[in-house]
2 protein chains.
Amino acid sequence: MEGVEIMGLQSLYDKLAESNYKLTPQRRAILQVLEDNQGEHLSAEQIFFMVRSRLPNIGIATVYRTLELFAGLGLLRKTSFDEGKFRYEFDDVDRHRHHHLVCLQCGKIVEIEEDLLQQLEREVEKKGFQVIDHSLVIYGRCPSCK
Amino acid sequence: MEGVEIMGLQSLYDKLAESNYKLTPQRRAILQVLEDNQGEHLSAEQIFFMVRSRLPNIGIATVYRTLELFAGLGLLRKTSFDEGKFRYEFDDVDRHRHHHLVCLQCGKIVEIEEDLLQQLEREVEKKGFQVIDHSLVIYGRCPSCK
DNA sequence: GTCATTGCAAATTTTTTGCACTGCA
DNA sequence: TGCAGTGCAAAAAATTTGCAATGAC
């Protein structure tokens, strides 16, 4: 349940450069917003409004294109919490995907670090399905809503 | 991995009637399509096209309204598999939510019956989060794609 | 200077809503 | 026969695309 260790912004910049993508002010600002809000799970629209306070002229298409690019590079994870839209968060390539607790009352989304799915994955692999990734979302009520 | 036992169509009809909803031909046809495709995870559009072969004049708004109604009654579960749209399937109220395996290669979605999450849920509850439901999706490659 | 990237606006895709008409209980 | 339910068309919400102009390297 503790904070997530992610690579610094600098290494994110490096990773972009490695891939021959330009580090434009728009991309820098979007990365900055994501870093400033680690632990949140922001929608494209939320990111757009936050980035606009730095870059008032940015278009929402740029935000979408950038998020898509970052997700493709493995920098971000794009997840649906069954709300009809996507949310984005940093993705730590070294770590197994973490899981989420969604409070059905206040909507808060928090992370769980434990990975107790390995046994389940072994069962699944026994049946011939090669596991590449998984997504676990637990719905309920968070401590403060109880 | 085996087929899901659900209540017969008749008890679904009863459940609708109990709730004072009318059993219109549209609703009947949508239920029928869902029953004919158990194990599939159909999108609203797929259901629309399938129902249209029985009721050519049905509107897609009716499909959406009906699916929303059924989901509200607990007859259906509405899930997002990170594709930007929802998919619907029968929901067995007596059974714990089952989980899904999504093949990243052919897109096939199959179900797993095992519920090995109870231990994880106990861990989560220890931390003060009341678990109401959960959703587990495992991504990988199915036996025939390997 | 080049070409990837951007902003804008228009298009697409998915879902929802308003409203007059219809047909089920 | 009343009012829930429907079809249609338009609106809304989320995302994508086309294109001329721009600016990072």
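By convention in this document, chain letters (A, B, ...) are assigned in the order of the sequence lines, proteins followed by strands, and residues within each chain are numbered from 1.
- The phosphate of D:dT6 (OP1 or OP2) has a side-chain N or O of B:Thr24 nearer than 4.0 angstrom.
- Judged by distance alone, the side chains of B:Gln32 and B:Arg54 never bring a donor and an acceptor atom under 3.5 Å apart.
- The separation between B:Leu67 atom CG and D:dT6 atom P is 12 Å, rounded to whole Å.
- Separating the CG atom of A:Asn57 from the C1' atom of C:dT5 is a distance of 15 Å, rounded to the nearest angstrom.
- The CG-P distance, from B:Leu23 to C:dA25, rounds to 6 Å in whole Å.
- Here B:Thr62 does not reach the OP1 or OP2 of D:dT6: none of its side-chain N or O atoms lies under 4.0 Å away.
- The separation between B:Gln26 atom CD and C:dG23 atom C1' is 10 Å, rounded to whole Å.
- Of the listed residues (B:Asp36, B:Ile30, B:Asn37), just one forms a side-chain contact (heavy atoms from CB on, under 4.5 Å) with B:Leu34, and that residue is B:Ile30.
- The separation between A:Glu83 atom CD and C:dT16 atom P is 13 Å, rounded to whole Å.
- Side-chain atoms of A:Arg65 and base atoms of D:dG18 include a donor and an acceptor less than 3.5 Å apart.
- Where B:Lys22 and B:Ala61 each meet DNA chain D at their nearest nucleotide, the meeting point lying more 5' is that of B:Lys22.
- Here D:dT15 presents its C1' atom at 14 Å from CD1 of A:Ile47, a figure rounded to the nearest Å.
- In this structure, CZ in A:Phe90 is found 6.0 Å from CD in A:Gln38, a value given to the nearest 0.5 Å.
- Taking the charged nitrogens against the carboxylate oxygens, B:Lys78 and B:Glu68 do have a contact shorter than 4.0 Å, which makes a salt bridge.
- B:Ile58 comes within contact range of the sugar-phosphate backbone alone, with a heavy-atom separation under 4.0 Å but no base atom that close.
- B:Phe70 has its CZ atom 17 Å from the P atom of C:dT15, to the nearest Å.
- Mapping A:Pro56 and A:Tyr21 onto DNA chain C by nearest heavy atom places A:Tyr21 closer to the 5' end of the strand.
- Distance A:Tyr64 OH to C:dT12 P: 18 Å, rounded to the nearest Å.
- Other residues, nucleotides and ligands contribute more than 12 heavy atoms inside 6.0 Å of the CD atom of B:Glu83.
- Taking the nucleotide of DNA chain C with the nearest heavy atom to each of A:Arg27 and B:Glu68, the more 5' of the two is matched to A:Arg27.
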